[in-house]
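Below is one structure, written out as structure tokens; comments come after it.
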There are 2 protein chains.
Amino acid sequence: MNMKTKLLTSAEQLFDQHGFMATSMDQLTKAAEMSSRTLYKHAGDKNGLIQAVLMERDRRFLQIIDVKSIDDLFEALQSWAETEGTRGCLFLRAYGETGGETPEIAKTVMAHKAAFHAQIAGILKTELGANDPNLELLTEQILILIEGSTAAAIYRGAEAFKSAHKAASALIAQAIK
Amino acid sequence: MNMKTKLLTSAEQLFDQHGFMATSMDQLTKAAEMSSRTLYKHAGDKNGLIQAVLMERDRRFLQIIDVKSIDDLFEALQSWAETEGTRGCLFLRAYGETGGETPEIAKTVMAHKAAFHAQIAGILKTELGANDPNLELLTEQILILIEGSTAAAIYRGAEAFKSAHKAASALIAQAIK
DNA sequence: ACAGATGTAAAACGATCGTTTTACATCTGT
DNA sequence: ACAGATGTAAAACGATCGTTTTACATCTGT
């Protein structure tokens, strides 16, 4: 594993487990097993590191939700939650910790959420046809169900995705009928 | 307004707007217009202040969701979001910023979420009858829809509650039918 | 009237923060 | 072969952190 990958991997874990602001550059350099000089050469500064971690996670996440049906989408997200843990959406956490006031981070978060929304819209379009009148509403509802599962899973466990999945199926069935 | 109230009010605003860790005790004393000695006498330490803010918000929140129908619940939450802003759930944000590793805060957050869940369950019980077989599932689905709206509203605005409301109504109608 | 509670302003505490610098070693491509 | 890139270890930067202390003033209930 090259140094950049090692840095991003260990940083993502620390940020996710302890929070962004609560994780010090010292902890980050130790976890990445590199000198602070090297870390700064790769990441620029702490906000740059946060942004790089989020961009890498965005890449991985979009890969995971690159499926063809809403059923597969919920399955993929539930198993992701089961293996990676349920600590909430890392993007919204970064946004919240910085009050949305760090432009590079806010921008990365918003771009991620736009891509997330677009992916759901795309799946629904192939599932219901491009001119289903409920497309927009259903897209936002599925989005909300996923955001909600991600949040609720923090205190109710990854099974929250199952309840959300059933809700999504019911809403879609009703739209098709 | 007495000092404790002033402290909790201004602290809640700062925490919500800029994040918990990103808000310094110096900013908090200035916003509360009191000396740090007085702040510490009232709050103990920073974690104590965070906990006190959350407990006060819990009180206010439970008051707001003290309604008799799911319709009223969504109406109340949407207008709360419209007036107070959409920065996500302050409880989950506090939990996330501390990695769930600050016991006093984690405990306060979990107690709040349990009360929140119980309130939804109570409303649904009066709406569907105590022995409706879908009570548990529906309760978690409504919970997820609300958590999801709260999160999604950060980047899609408070109208997210409308989409969630419609989803909730559809799920309930289907359960009654 | 006066003791105890409650407050202020300001300095100081040691610790830690993010970041840079210094001095040096080792890889790597031509 | 050797220049430039890439790395380490450790000290140091000034700034800021949460918290406590000092010295003093004013309110409040008996």
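Since the model is a prediction, treat every value here as computed from it, not as a measurement. Order of the sequence lines fixes the chain letters, A, B, ..., with proteins taken first and strands second; residue numbering starts at 1 for each chain.
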Quick check: do [X] and [Y] have side-chain heavy atoms less than 4.5 Å from each other?
| X | Y | answer |
| --- | --- | --- |
| A/D58 | A/T108 | no |
| B/M34 | B/M3 | yes |
| B/R60 | B/W80 | yes |
| A/L124 | A/I172 | yes |

Atom [atom1] of [X] to atom [atom2] of [N]: distance rounded to whole Å?
| X | N | atom1 | atom2 | value |
| --- | --- | --- | --- | --- |
| B/Y40 | D/dT21 | OH | P | 12 Å |
| A/L39 | D/dA9 | CG | P | 14 Å |
| B/K41 | C/dT8 | NZ | C1' | 12 Å |
| A/N47 | C/dT19 | CG | C1' | 13 Å |
| B/N2 | D/dT28 | CG | P | 13 Å |
| A/M3 | D/dT6 | CE | C1' | 9 Å |

### Task
Please determine, for the side chain of B/R37, which listed nucleotide (D/dT20, D/dT22, C/dT20) has the closest atom?
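Comparing D/dT20, D/dT22, C/dT20 against the side chain of B/R37, the answer is D/dT22.
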### Side chain of A/K46 (C-beta onward), nearest among D/dT21, D/dG18, C/dT19
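Of the candidates, C/dT19 comes closest.
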#### Entry: Sub-6.0 Å ring centroid separation between A/F74 and A/F161
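Centroid separation for A/F74 and A/F161: 6.0 Å or greater.
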### Task
Would you confirm whether the ring centroid of A/F91 sits within less than 6.0 angstrom of the ring centroid of A/F61?
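So the answer is no for these two rings.
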### Query
What is the minimum heavy-atom distance between A/L54 and A/L90, and which atoms define it?
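Result for this residue pair: CD2-O, 4.1 Å.
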### Query
Are B/I123 and B/I176 connected in the hydrophobic side-chain network, where two residues link if heavy atoms are under 4.5 Å apart?
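Same cluster: B/I123 reaches B/I176 through Ile, Leu, Val, Met, Phe, Trp or Tyr contacts under 4.5 Å.
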### Task
Return one dot-bracket line describing DNA chain D 5' to 3' (Watson-Crick or G-U wobble pairs, both distances under 3.5 Å; ( ) same strand, [ ] crossing, | another strand, . none).
||||||||||||.||||.||||||||||||
### Query
So does B/H42 get a side-chain nitrogen or oxygen closer than 4.0 Å to the phosphate oxygens (OP1/OP2) of C/dT6?
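Checking B/H42 against C/dT6: no side-chain N or O falls below 4.0 Å of OP1 or OP2.
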### Message
Less than 3.5 Å apart, any donor N or O on the side chain of A/H18 or B/E101 sitting next to an acceptor on the other?
### Response
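Result is yes, a qualifying pair exists.
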### Query
For DNA chain C, what residues of residues 7-36 of chain B have any heavy atom nearer than 4.0 Å?
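The answer is B/E33, B/M34, B/S35.
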